[in-house]
Amino acid sequence: MRQYIAALLTLIILAPAAFAENPQAILDLQSGARTDANADWWPRTPEDATGAIQAAIDSGAKTVTIPYIGQPWIVRPLKLRANLELVFEPGVVVLAKEGEFRGKGDSLFTAADATDITLRGYGATLRMRKKDYQNPPYDKAEWRMGLAFRGCERVRIEGLRIESSGGDGIYIGATKDKPYCKDVVIRDVTCHDHHRQGISIITAENLLIENCTLSGTRGTAPQAGIDFEPNNANERLVNCVMRNCLVEGNAGDGIEFYLRPLSRDTLPISIVVENCLVRGGDRSGIVVSALEDDAPTGTIDIRNCVVENTAREGIVVTNKAVTSARVRFTNCSVYGVWPDAQSTPDKPQVPILINTTPKVTTTNPGGIDFIDCHVYDTVARPVIAIAASAQDITGTLHIHNPNAVPPILTGEGATLQMVVRP
């Protein structure tokens, strides 16, 4: 008995926080005397805090706080609900439990067909275990997300650092009942070291992404900083804005649009990307692809953006039909891409590429504007390569290159004006 009491006292002294709970506060919440909750009210262990956080979420409290406790909150997959503000205190780390997340779609936090959800965590980190998921005994998958929202409305994600998921840092997608998310704000968020994408936008209406950093994606294709990539023709990309973001050091393209699943019956596309910097990375900077003959109308506006030091092209538009959504680059700049590359007609390694690929339905490529864009280069090569059959390629490119170079490689259908600058 004496040994038992001594062991119990030692446990209480060494780890009182590990068993913290506040039954009176929980009773007050249940009686309606208060509307807030703290995950520290429910019991947990140092090895697993899933029950405490999930109980706090499920309590019905309008605001749930995850407090700083001096050690990570170690969790299995968690489910969000409607009408929830989830606040992570500065310094909080929510860490995926080692050996868990065996399901191919097991995500850190998931919400489906829910409304009015806010996750706010300036100075807080959500971290998974990407390297574990990339190897046995885990089944190969790309859907273990940091945050997954499907068919949700009025979602805000602010201030969080989201790291090392087995899929995307943030996924915005559909459910069977609702093929889009609506009224979504992602602000002041860092998505770093994810397996598939920093952010995947599958389908959204009224989306704002601002002041975010999307970096270090590496694992499985596309490996982009952000990818706008619908799955079905009944989905949408309407009133989507991305601004003031840094996209850096990803294994795939920086900002990617892959739009083949959409059709002429899809709502017109309306996307603006402005004041963003794409830097470094193993592929291209900004890529728009697969707006083919049956693609929707609308606009993709890229404004005041900079691409620098990417391993491949700064800008690529591929398989873009002249009749599909207009793609417009305004006051964009490309610096130092394709370092030391040598262009040939069959493999143009140039700062800007407009092309088609085999086995696609793009009868007449084109419908692209470059409005006062600048290319800074030190390699003796053309500024832009354009598919010979392209039409309606307009605007002005300002060329900054110490070498005397031909401005265009092929592309008889282009009416671009080239201005050589010192």
Side-chain angles (χ1 to χ4, degrees), residues 12 15-97 100-101 103 105-128 145-162 170-171 175 177-178 181 183-186 189:
I12 292 172
F19 298 93
E21 50 186 308
N22 190 333
Q24 184 58 54
I26 296 172
L27 288 173
D28 291 345
L29 177 63
Q30 292 171 342
S31 70
R34 63 190 308 161
T35 60
D36 65 302
N38 190 305
D40 206 29
W41 296 349
W42 283 266
R44 66 181 188 278
T45 68
E47 295 79 21
D48 197 323
T50 311
I53 293 179
Q54 193 63 64
I57 291 171
D58 294 342
S59 70
K62 181 179 179 181
T63 301
V64 172
T65 297
I66 311 297
Y68 177 70
I69 57 173
Q71 62 188 41
W73 292 78
I74 297 175
V75 300
R76 291 170 279 114
L78 292 158
K79 302 292 184 183
L80 301 170
R81 60 164 170 85
N83 303 306
L84 171 68
E85 181 183 33
L86 188 59
V87 179
F88 304 82
E89 289 186 348
V92 164
V93 175
V94 177
L95 176 62
K97 187 174 182 178
E100 297 289 342
F101 296 83
D106 284 353
S107 299
L108 202 60
F109 289 92
T110 299
D113 294 317
T115 60
D116 300 290
I117 301 174
T118 296
L119 276 69
R120 183 175 295 111
Y122 287 87
T125 300
L126 309 182
R127 182 180 300 135
M128 297 183 75
M145 315 301 187
L147 302 177
F149 294 90
R150 297 178 174 89
C152 294
E153 288 196 29
R154 296 186 295 281
V155 173
R156 298 179 73 89
I157 307 164
E158 296 182 332
L160 288 163
R161 180 178 177 90
I162 307 167
I170 301 173
Y171 177 92
T175 62
D177 293 332
K178 187 162 187 176
C181 286
D183 300 329
V184 176
V185 175
I186 304 171
V189 169

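The distance from atom CG of D183 to atom CZ of R154, rounded to the nearest 0.5 Å, is 7.0 Å. For the atom pair OG1 of T63 and CG of N83, the computed distance is 11.0 Å after rounding to the nearest 0.5 Å. Here the straight-line distance linking atom OG of S31 with atom CD1 of I26 works out to 12.0 Å at 0.5 Å rounding. Here the CE-CG distance, from M145 to L108, works out to 12.5 Å after rounding to the nearest 0.5 Å. Of the inter-residue distances, the one linking I170 atom CD1 with L160 atom CG reads 8.0 Å to the nearest 0.5 angstrom. Separation of atoms CG (L95) and CD (Q71) is listed at 11.0 Å; rounding is to 0.5 Å.
The two residues A61 and A37 have their closest heavy-atom pair at CB-CB, 3.5 Å. Between T50 and P77 the shortest heavy-atom distance is CG2-O, 4.2 Å. The minimum heavy-atom distance linking A25 with N22 is given by the pair N-OD1, 3.0 Å. The minimum heavy-atom distance linking Y68 with E89 is given by the pair N-OE1, 2.8 Å. Across all non-hydrogen atoms, the minimal contact from A52 to A39 is CB-O, 3.6 Å. Residues A111 and I117 approach most closely at CB-CD1, 3.7 Å, considering heavy atoms.
Identified under the salt bridge (Lys or Arg N to Asp or Glu O under 4.0 Å) test for residues 74-88, with sequence neighbours left out: D48-R76, E85-R120.
Looking at T125, its side chain never comes within 3.5 Å of a backbone N or O of R127 through a donor-acceptor pair.
Each of V75, I157, L86 was scored for a side chain to side chain contact (heavy atoms under 4.5 Å, CB included) with F109, with one residue passing: L86. Between L80 and the choices T110, V155, I57, V64, the side chain to side chain contact (heavy atoms under 4.5 Å, CB included) rule is met once, by I57.
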Would you please test F149 and V184 for side chain to side chain contact (heavy atoms under 4.5 Å, CB included) and show each step? CA-CA 10 Å; F149 294 90; V184 176; over 6 Å; no

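In this view, T35 satisfies the side chain to side chain donor-acceptor pair (under 3.5 Å) rule with no residue, not counting sequence neighbours. With sequence neighbours excluded, the residues satisfying side-chain contact (heavy atoms from CB on, under 4.5 Å) with N38 are D40, W41, T65, P67.
The side-chain heavy atoms of S59 and W42, taken from C-beta on, include a pair separated by under 4.5 Å. A 4.5 Å side-chain heavy-atom check between I74 and R44 finds every atom pair outside the cut-off.
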